[in-house]
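Only heavy atoms go into these numbers, but all of them, side chains included; no hydrogens, no water, no symmetry mates.
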Amino acid sequence: MPFKVTFIGLGVMGYPMAGHLARGGHDVTVFNRTSAKAEAWARDYTGKTSSSVADAVREADFVMTCVGADKDLREVYLGPDGIIANAPPKAILIDHTTVSAQVTEDVAQAARERGQSFIDAPVSGGQQGAENGQLTVMCGAEQAAFDKAQPLMDLYGKAVTRMGEPGKGQLTKMVNQIAIAGLVQGLSECLYFAEKSGLDQRQVIDVISKGAAQSWQMENRAGTMIDGQYDHGFAVNWMRKDLNICLTEARERGVTLPVTALVDQFYADVQNMGGERWDTSSLLARLRKLGGLD
């Protein structure tokens, strides 16, 4: 059954995600702060554009968002011209942004008061996963809302899972980012050690990837890291935003994350090297610079 779906935020993730919805046969309207991006999307896919959030969501069955940070989410959801005030009661609102637990709670409560359902559904898999419809989607939702929304999210997700009530999706994404931070630093250190030891790095990776050291990061990023190519995914600026969310939430819960805090500072070093838009695997560039290899 086709639904009226509004997608707000057409960045490197949202653009292909909205495209999968259109190709899945749904009636898709898009909004983006830069209207040229929305117009380009409408040329690439079958769908409509809107000049305002309020107009875009007025008749929507589902509203999906993929914006930048807490401030952006508050702006697009709350207030007289936002989603909650203008989407129909009973609409299901799905946010794919990685944000703090607090803003998720605020938006979910405002939606409940309007009779709407809110699903926090951060994603993992990067631009490649969005383009290929292979994202992992971590959802915090009431069961009934999740059951209605899952078929749509399945159009761009290989694994769409309800983790509990609203808010649990964001907490799960924090766990994901904590794990990635340590993995990428470990992979960077192993490649740097192999390089400094005169080993053939590609041969090393071919060998150790067949054992317990194997990971998604090793399989998908080791080769580009060896080549010094850091334009293949999630930007350092966004990773630092996410790690700040993780560390803030950890402090509030009395949890110590020493490795995560250290890697966050390493990413600050990468930013100072001019790598704000490099992908997260650029931690190797930091080690190479410190060792005089770059």
Side-chain angles (χ1 to χ4, degrees), residues 11-13 68-69 97-99 122-130 135-136 138 172-251 255-294:
V12 296
M13 303 292 288
T97 317
T98 299
V99 291
V123 300
S124 181
Q127 183 178 349
Q128 181 179 350
L135 292 170
T136 296
M138 301 153 257
T172 304
K173 180 61 183 289
M174 293 177 206
V175 173
N176 184 79
Q177 301 304 76
I178 291 166
I180 288 174
L183 283 169
V184 177
Q185 177 62 19
L187 179 57
S188 298
E189 290 184 14
C190 87
L191 288 173
Y192 181 65
F193 179 82
E195 186 172 19
K196 292 287 282 186
S197 300
L199 293 168
D200 182 325
Q201 293 167 287
R202 296 183 194 279
Q203 184 182 33
V204 167
I205 291 299
D206 182 62
V207 170
I208 69 172
S209 65
K210 294 178 173 63
Q214 194 277 339
S215 68
W216 185 97
Q217 296 291 338
M218 181 176 290
E219 182 178 346
N220 290 274
R221 291 288 174 262
T224 55
M225 292 168 73
I226 292 168
D227 293 336
Q229 297 174 359
Y230 304 119
D231 58 351
H232 292 84
F234 195 59
V236 167
N237 279 355
W238 293 116
M239 186 60 162
R240 288 214 72 204
K241 183 264 292 184
D242 287 3
L243 293 182
N244 179 64
I245 291 170
C246 297
L247 293 167
T248 299
E249 188 71 22
R251 283 193 295 270
V255 176
T256 302
L257 302 176
V259 173
T260 304
L262 185 61
V263 175
D264 178 56
Q265 292 307 301
F266 292 163
Y267 278 124
D269 294 341
V270 175
Q271 287 177 317
N272 291 333
M273 291 167 55
E276 296 95 338
R277 300 299 302 171
W278 294 348
D279 71 57
T280 52
S281 69
S282 56
L283 287 171
L284 179 58
R286 172 186 173 274
L287 291 173
R288 282 173 164 169
K289 182 170 183 173
L290 290 173
L293 296 180
D294 281 342

When every non-hydrogen atom of Lys196 is compared with those of Gly291, the smallest separation belongs to NZ-O, 3.8 Å
Rounded to the nearest 0.5 Å, what separation is found between the SG atom of Cys190 and the CE atom of Met225? 7.5 Å
Are side-chain heavy atoms of Ser124 and Met138 found at a separation under 4.5 Å? yes
State which residues pass side chain to side chain donor-acceptor pair (under 3.5 Å) with Thr97; sequence neighbours excluded, sorted by chain then number. Asp95
Over all atoms of both residues, closest heavy-atom pair of Leu191 and Ala222: CD1-O, 4.1 Å
One should read off an interatomic distance between Ser282 OG and Arg277 CZ, to the nearest 0.5 angstrom, of 11.5 Å
For Thr280 and Tyr267, which heavy atoms make the closest approach, and how far apart are they? O-OH, 2.9 Å
Indicate every side-chain donor-acceptor pair of residues 177-187 with a distance under 3.5 Å to a residue at least two apart or in another chain.
residue: Gln177; atom: NE2; partner: Asp242; partner atom: OD2; Å: 2.9
residue: Gln185; atom: NE2; partner: Glu189; partner atom: OE2; Å: 2.7

Any residue meeting side chain to side chain donor-acceptor pair (under 3.5 Å) with Asp227, in chain and number order, not counting sequence neighbours: Arg202
Taking the side chain from Asp279 and the backbone from His232, do they hold a donor-acceptor pair closer than 3.5 Å? yes
A side-chain contact here means heavy atoms from C-beta on lying under 4.5 Å apart; do Met174 and Ile245 qualify? yes
Arg240 meets the side chain to side chain donor-acceptor pair (under 3.5 Å) criterion, sequence neighbours left out, with Asp264, Gln271
Report yes if the side chains of Val236 and Tyr230 come closer than 4.5 Å at any heavy-atom pair, otherwise no. no
Considering all heavy atoms of both residues, which atom of Ser188 and which atom of Ser281 are nearest to each other, and what is their separation? OG-O, 4.1 Å
Audit row: Leu247, Arg251, side-chain contact (heavy atoms from CB on, under 4.5 Å) steps and yes/no: CA-CA 6 Å; Leu247 293 167; Arg251 283 193 295 270; 3.9 Å; yes
Below 4.5 Å, heavy atoms only, C-beta onward: do Met273 and Trp278 meet side chain to side chain? yes
Can you tell me if Lys241 uses its side chain to pair, donor with acceptor, with the backbone of Asn237 under 3.5 Å? no
Show, in sequence, the C-alpha distance, side-chain angles and deciding distance for Arg288 and Glu195, and conclude whether the side-chain contact (heavy atoms from CB on, under 4.5 Å) test is met. CA-CA 9 Å; Arg288 282 173 164 169; Glu195 186 172 19; 3.0 Å; yes
Would you please name every residue forming a salt bridge (Lys or Arg N to Asp or Glu O under 4.0 Å) with Asp269, sequence neighbours left out? Arg286
Is any side-chain heavy atom of Lys173 closer than 4.5 Å to a side-chain heavy atom of Thr98? yes
Can you check whether Leu283 reaches Phe266 side chain to side chain, under 4.5 Å on heavy atoms? yes
Which residues satisfy the ring-ring contact (aromatic ring centres under 6.0 Å, His included) test with Tyr192, sequence neighbours excluded? none
So, taking the atom named OG1 in Thr260 and the one named CD in Gln265, what distance separates them when rounded to the nearest 0.5 Å? 12.0 Å
Do Val204 and Asp200 make a side-chain contact, defined as non-hydrogen atoms from C-beta onward lying under 4.5 Å apart? no
pair Met218-Ile208: side-chain heavy atoms closer than 4.5 Å: yes
